[in-house]
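First the structure, in the form of structure tokens, and then the observations on it.
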Amino acid sequence: MKSNLVIQTMLDHKSIRKYTDEVPSDEVIKTIVRVGQQAPFASQYYSVLLSRDRERNPYKAPLLFTICIDSYKFELIMARRNWKLVTNDLTLMLFGIQDAALMAENMVIAGRSLGLGSCFLGSAPYRTEKIAEQYDLPKRVFPLVQLVMGYPAEDPPTRPRYPIEFTLFEDKYPKLNQDTISKAMQQMDEGYLAQDYYRNLNAKIKLENREETFTYDNYSWTEHICRKWGQWYPDPKTLLEQLEKCGFHITGKRLK
Ligand SMILES: Cc1cc2nc3c(=O)[nH]c(=O)nc-3n(C[C@H](O)[C@H](O)[C@H](O)COP(=O)(O)O)c2cc1C
């Protein structure tokens with residue numbers, strides 16, 4: 001494989017869940033967000049909120065960014081040009097998610113290159129009212145994901161990924177046979193077990209209607225992810241309600 005400083009920095013990515021007391025300088029923060037902005041975009045359909053209150057995030061990181069899909073700001077620009085949005089909110093949401101995610105990941109890499117660690121937090125879309133209140137958000141701003149950052153107080157090993165053969169399919173989607181699936185599962189499970197990842201995080205998901213047969217000696221990523229997506233069922237209505245509270249209406253219809 002090729003290697004250089006950028007590739008090494010990106011391959012060295014690991015989520016950080018323990019932070020030192022050191023507070024990143026304003027210059028560091030600005031650099032990270034400015035690099036985030038330089039990600040490719042469909043419409044710069046985002047805003048980034050910052051809180052330096054450590055108590056607002058579970059890992060007590062000195063920085064908490066909330067990456068929002070922001071139609072409000074864009075509609076102000078349209079109004080200045082005497083335009084009104086007609087594109088439906090589903091389309092805007094899809095592009096907004098991409099814009100926001102690309103920006104956020106640029107921030108992660110920029111942070112890492114400056115010695116900072118980070119970790120995404122995925123619960124924001126289910127806590128929109130609280131976040132809207134905390135940051136005084138106008139309507140049509142939707143908190144998509146949060147990102148904590150700071151100087152790492154731990155140096156965990158990088159976490160495994162699927163074999164590239166299970167990810168990159170050239171020209172044609174292959175027939176995935178049992179052997180290929182086993183290899184992918186094995187790479188993930190053995191990788192996480194070798195780090196004692198779930199034991200260290202105390203993160204075994206409880207089974208609802210099945211008997212527990214796993215211990216932290218064999219509980220690993222594929223079991224974890226099956227339990228997560230095989231049991232967790234946030235009512236889609238709830239998510240739609242959260243979107244609507246933020247002023248988004250997910251239909252394929254033209255907006256008036
Ligand atoms: C959208 C998203 C949401 C996530 N939410 C959480 C979270 O709520 N808490 C957490 O500790 N990690 C969270 N993570 C981090 C993942 O657990 C982590 O990226 C994954 O296990 C791979 O590990 P690595 O980042 O160390 O390579 C999230 C990551 C993403 C991309």
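Just follow the structure's listing: the first ligand is 1, and inside any ligand the first atom is 1.
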What is the nearest protein non-hydrogen atom to [atom], stated with its residue, atom name and distance?
atom	answer
atom 16 (C) of ligand 1	Arg17 NH2, 3.9 Å
atom 27 (O) of ligand 1	Arg161 NH2, 2.8 Å
atom 11 (O) of ligand 1	Tyr59 OH, 2.5 Å
atom 7 (C) of ligand 1	Phe120 O, 3.4 Å
atom 1 (C) of ligand 1	Val145 CG2, 4.1 Å
atom 20 (C) of ligand 1	Tyr192 OH, 4.4 Å

Near Cys119 (heavy-atom distance under 4.0 Å), the atoms of ligand 1 are 10 (C), 11 (O), 12 (N)
Atoms of ligand 1 under 4.0 Å from any heavy atom of Tyr197, numbered from 1 in the order shown, are 21 (O)
Report yes if some N/O of [X] lies less than 3.5 Å from some N/O of ligand 1; otherwise report no.
X	value
Gly122	yes
Ser15	yes
Lys14	no

Quick check on Gln8: does its CD atom have over 12 non-hydrogen neighbours (other residues, nucleotides or ligands) under 6.0 Å away? yes
With a 6.0 Å cut-off on ring centres, are Tyr192 and Tyr198 close enough? yes
